[in-house]
Amino acid sequence: MTFVFYLLGFVAIVSSICVVSFKNPIHSALGLVAALFSTAGIYILLNAEFIAVLEVIIYAGAIMVLFLFVLMCLNIRELKMMPQFNILRPIAIVVGAFLLVYIVIIIIQSNFGNFTGVYNEAKIIELGGNAKALGQVLYSRFLLPFEIISILLLVAMIGAITLMKEGLRGK
Amino acid sequence: MVLEYLPVLILMVFALGFAVVTIVMSDMLRPNKPEKVKSSTYECGAPLFTDARGMVSIRFFIISMLFLLFDIEAAFLYPWAINYNVLGLFGFVEIVIFIIILLVGYFYAWRKDALEWE
């Protein structure tokens, strides 16, 4: 079990490094697929099967297709180091450092993986699995955030359509 | 627990093995006489007229964007569907509101001809 975790973690890290270092954007996209699949494997090890399936269906399926269409719309052959990347670099380092600190704080707060909250492993098995437990919390306690998600999706939809209409009018 | 996923692993090994064996075996068995015309790119015998990496229409992007958004909507229906007996009418009303809000987006896309190809 631990071996499987380290194997998946290794694949995830290596393919993530591939994503940012490959010159050909299509190769980067394939690296991202590998990273997402190994992350899905880690979710399965954590008994979060529903999240693992969503990772494959939504991220590796829909979002990857979207990325590929963007690459094809832009007609990029090889990515060159653009000057604005260097301006953004200090900001990226600061944001990355903050996220790292936040992750470390979460790991320490969670008592290094030994969760003591209500929804521990025994409770989830009692409720009948990860998807069932998630549904019961999401549709009762987190009712308002759930409805706000639909508004967020609506805004994304209208934004995308408006941008496309503007782009087609310019032609 | 991980052993439950052994069939998935076996399937992946077989799928990968099939692909690798097919490529390696055909490479070993076939006669290798490369020629300029033979190794050129072709599509059903017709000569090429453009590069494969041309610009594609923005319409592909909007279709995949709409697919992504409705895919996420569908993903939220799974945890509700398996909890239907527990959540009852309350959950049903909740999910109907969720779908109606997204239906507004669907009709917006429809009225704005985002689904038309022209």
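A note on names: the letters A, B, ... follow the listed sequences, proteins ahead of strands, and every chain is numbered from 1. Note that this is a predicted model, so its numbers are computed, not measured.
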I'd like to know which of A/Val53, A/Asn130, A/Ile161 tops the heavy-atom pair count under 4.5 Å against chain B. A/Ile161
Answer yes or no: is there a side-chain heavy-atom contact under 4.5 Å between A/Ile158 and B/Lys112? no
Treat each ILVMFWY residue as a node, draw an edge where side-chain heavy atoms are under 4.5 Å apart, and state whether B/Ile82 and B/Leu77 are in one component. no
Note: vs chain B, highest number of non-hydrogen pairs under 4.5 angstrom among A/Ala62, A/Ser150, A/Gly135 is A/Ser150
Would a 4.5 Å heavy-atom cut-off, applied to side chains only, mark B/Tyr106 and A/Met157 as touching? no
Minimal heavy-atom distance between A/Leu153 and B/Leu69, with the atoms involved, is CD2-CD2, 3.5 Å
Residue pair B/Val86 / A/Gln136: nearest heavy atoms and the distance that separates them: CG2-NE2, 3.9 Å
Heavy-atom pair with the smallest gap, counting every atom of A/Val65 and B/Ser64: CG1-CB, 4.2 Å
Using heavy-atom distances under 4.5 Å, tell me whether A/Leu143 contacts chain B through its side chain, its backbone, both, or neither. both
Please look at A/Leu54 and chain B and tell me whether the side chain, the backbone, both or neither of the residue comes under 4.5 angstrom of a heavy atom of that chain. side chain
Tell me, for B/Val104 versus chain A, whether the close heavy atoms (under 4.5 Å) come from the side chain, the backbone, both or neither. both
Measure the OH-CG distance between B/Tyr108 and A/Leu154 for me, rounded to the nearest 0.5 Å. 9.5 Å
Hey, what do you get for CD1 (A/Ile149) to CD1 (B/Ile101), rounding to the nearest 0.5 Å? 11.0 Å
Heavy-atom count around A/Tyr59 OH within 6.0 Å, excluding the residue itself: above 12? no
Starting from A/Leu152, can I reach B/Trp80 by hopping between I/L/V/M/F/W/Y residues whose side chains sit under 4.5 Å apart? no
Closest non-hydrogen atom pair, A/Ala156 against B/Met65: O-CE, 4.5 Å
Is there a path from A/Ile17 to A/Phe22 through hydrophobic residues (I, L, V, M, F, W, Y) whose side chains come within less than 4.5 Å of each other? no
When rounded to the nearest 0.5 angstrom, what distance separates CG in A/Leu66 from CG in B/Leu66? 10.0 Å
Side chains of B/Tyr5 and A/Ile44, heavy atoms from C-beta outward: is any pair under 4.5 Å? yes
Counting heavy-atom pairs under 4.5 Å with chain B, the top scorer among A/Ala131, A/Gly61, A/Gly129 is A/Ala131
Membership question, hydrophobic clusters at under 4.5 Å side-chain separation (ILVMFWY): are A/Tyr43 and A/Phe3 in the same one? no
Answer with side chain, backbone, both or neither: which region of B/Leu87 has an atom nearer than 4.5 Å to a non-hydrogen atom of chain A? side chain
Would you give the length of the straight line joining atom CD of B/Glu94 to atom CG of A/Leu138, rounded to the nearest 0.5 angstrom? 7.5 Å
Spell out, yes or no, whether A/Ile151 and B/Ile100 are grouped together once hydrophobic residues are joined by side-chain heavy atoms under 4.5 Å, including indirect joins. yes
Can you tell me how the ring of B/Tyr78 sits relative to the ring of A/Phe50, calling it parallel under 30°, perpendicular over 60° and tilted otherwise? perpendicular
State the CG-CZ distance between A/Leu134 and B/Phe76, to the nearest 0.5 angstrom. 8.5 Å
Can you tell me which portion of B/Phe98 sits under 4.5 Å from chain A's heavy atoms? Options are side chain, backbone, both or neither. both
OH of A/Tyr139 to CD1 of B/Ile95: how many Å apart, nearest 0.5 Å? 4.5 Å
